[in-house]
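Numbering of ligands and ligand atoms starts at 1, following listing order. We number each residue from 1, following the sequence as shown.
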Amino acid sequence: MATNKAVIVVGAGTMGRGIAQVFAQSGYEVYLNDAIPKALDEGVAFIHKMIDRAAEKGAIQADQAQATKSRLHTIRTIGEAPACPLIIEAATERPDTKNEILKSAQSKLTDDGILATNTSSISITQLAAATKAPERFIGMHFFNPVPLMKLVEVVKGLQTSEDTVRKTIGYAESVGKTAVQCNDHPGFVSNRILMPMINEAIFCLQDGVAEPAAIDEIMKLGMNHPMGPLALADLIGLDVCLFILEVLHRDLGEDRYRPCPLLRKMVAAGRLGRKSRHGFLRYD
Ligand code: NAD
């Protein structure tokens, strides 16, 4: 049965599990899906661990923790979910993957429902073009780790309606986030500024300017950044960073966005950062 406070989240990786957690904590029924059963199980186990930890610390009551867990439903296929007024796609950063998900997910939207993507870089306007209602398609760009990061970058595609923007800002605020709006352009605001900095830090490492820990320490203490660019790249995922830089390089057509060869090498070696326990730093 459709309810107003219900959301389908597609993708249970780094971002999808965080998005599912904040919506469940905010009273939404959450239907979480992943193409890989193991990823779905690990995603849910991770969310439960986070909720238990919050309860142990006294941040939430035991009954609240239980209620939050009971609002989290796993679905092996999107078809198992009821119709929902909001669907958030948070799967792998590949246009063909996302197009396929969006095409099948849209049948699960209520009549005036919103289809959102958490993409970091793929054009909202292009993804919207493959959907039945591009005016109700939007970028809802959460940040990592989702439960801690306040921002949602709300990205308006060329055909996104003002009503969709307004409702999406409302959804972001309903889960305790601050929504900031921007227009669809490669990398939006956040990654157009962040990724060149991360890429330059990787060039510094490749050129032997300093060791990883020194590069990060200089940026932390000298620029007052809460974490260094290499640690941040590891947190985001080096495959995700590479994909975003490729989009910036191709779509903006400027050499300054060219991904550092060392980044390509790391991804080819499967050193993807925290999620593979090995990136520029080790996570044993
Ligand atoms: P991830 O690799 O951790 O997780 C992606 C998940 O999507 C995997 O579990 C994978 O099995 C699943 N998936 C792949 N194809 C699927 C399909 N057809 N149906 C259902 N699930 C499928 O990636 P992530 O870091 O969580 O990134 C997800 C999205 O969020 C990407 O678009 C990324 O650009 C964006 N994003 C990432 C960050 C970050 O810091 N990692 C920040 C903001 C936005």
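Side chains of Glu93 and Thr119: a donor-acceptor N/O pair is present below 3.5 angstrom, by distance only.
The protein heavy atom nearest to atom 15 (N) of ligand 1 is Thr97 CG2, 3.4 Å. When only non-hydrogen protein atoms are considered, atom 2 (O) of ligand 1 lies nearest to Lys275 NZ, 3.4 Å. The single protein non-hydrogen atom nearest to atom 37 (C) of ligand 1 is Met15 CG, 3.3 Å, given as residue, atom name and distance. In this structure, atom 29 (C) of ligand 1 lies nearest to the protein heavy atom Ala91 O, 3.3 Å. Scanning all protein heavy atoms for the shortest distance to atom 14 (C) of ligand 1 gives Thr92 OG1, 3.1 Å. Atom 32 (O) of ligand 1 has as its closest protein heavy atom Glu93 OE1, 2.5 Å.
For the pair Gly237 and ligand 1, no heavy-atom separation below 4.0 Å is found. Residue contacts with ligand 1: Lys98 is included, with a non-hydrogen atom under 4.0 Å away. Using a non-hydrogen distance threshold of 4.0 Å, Phe142 registers as a contact of ligand 1.
When the heavy atoms of Ala12, Gly13, Gly273 are ranked by distance to atom 4 (O) of ligand 1, first place goes to Gly13. With distances taken over non-hydrogen atoms, the option nearest atom 39 (C) of ligand 1 out of Asn118, Ile101, Ile236, Val146 is Ile236. When Ala35, Cys241, Ser120, Gly16 are ranked by how near their heavy atoms come to atom 33 (C) of ligand 1, first place goes to Ser120.
Under 4.0 angstrom from ligand 1, there are no non-hydrogen atoms of Ile122. With a heavy-atom cut-off of 4.0 Å, His141 touches ligand 1 through its side chain alone. Contacts between Asp34 and ligand 1 below 4.0 angstrom, taking non-hydrogen atoms only, involve backbone and side chain alike. At a heavy-atom distance under 4.0 Å, no atom of Asp239 approaches ligand 1. Residue Thr117 does not touch ligand 1, judged by heavy-atom distances below 4.0 Å.
Using cut-offs of 30° and 60° on the angle between ring planes, the pair Phe188 and His141 is perpendicular.
Sorted pairs that involve residues 171-199 and meet salt bridge (charged side-chain N to carboxylate O under 4.0 Å, His left out), not counting sequence neighbours, are lacking altogether.
Listed by atom number, the atoms of ligand 1 under 4.0 Å from Ile36 heavy atoms are 11 (O). With ligand atoms numbered from 1 in the order given, ligand 1 contributes 32 (O) to contacts under 4.0 Å with heavy atoms of Thr119. Near Asn33, the atoms of ligand 1 lying under 4.0 angstrom from a non-hydrogen atom of the residue are 20 (C). Near Ala39, with a cut-off below 4.0 Å to any heavy atom, the atoms of ligand 1 are 9 (O).
Looking at Lys275, its side chain never comes within 3.5 Å of a backbone N or O of Ile236 through a donor-acceptor pair. In terms of modelled atom types and a separation under 3.5 Å, the side chain of Glu153 and the main chain of Val189 share a donor-acceptor contact. Distance alone, capped at 3.5 Å, places no donor-acceptor pair between the Thr125 side chain and the Gly157 backbone. The main-chain N or O of Met195 is never found under 3.5 Å from a side-chain atom of Asn199 such that the two would form a donor-acceptor pair.
For Glu246 and Arg264, the salt-bridge test passes: some basic side-chain N is under 4.0 Å from an acidic carboxylate O. Checked for salt-bridge contact, Asp41 and Arg76 meet the test: a charged N lies under 4.0 Å from a carboxylate O. With respect to the salt-bridge test (charged N to carboxylate O, under 4.0 angstrom), the residues Lys103 and Glu100 do not qualify.
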One pair to check against salt bridge (Lys or Arg N to Asp or Glu O under 4.0 Å): Glu56 and Arg53. What are the steps and the verdict?
CA-CA 5 Å; Glu56 278 159 25; Arg53 202 175 283 174; 5.9 Å; no
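For the residue pair Pro147 and Val22, the shortest heavy atom distance occurs at CA-CG1, 3.7 Å.
Considering backbone and side-chain atoms alike, Thr14 places an N or O below 3.5 Å from some N or O of ligand 1.
Applying the side chain to side chain contact (heavy atoms under 4.5 Å, CB included) test between Ile47 and each of Thr68, Leu72, Val30 identifies Leu72 as the sole match.
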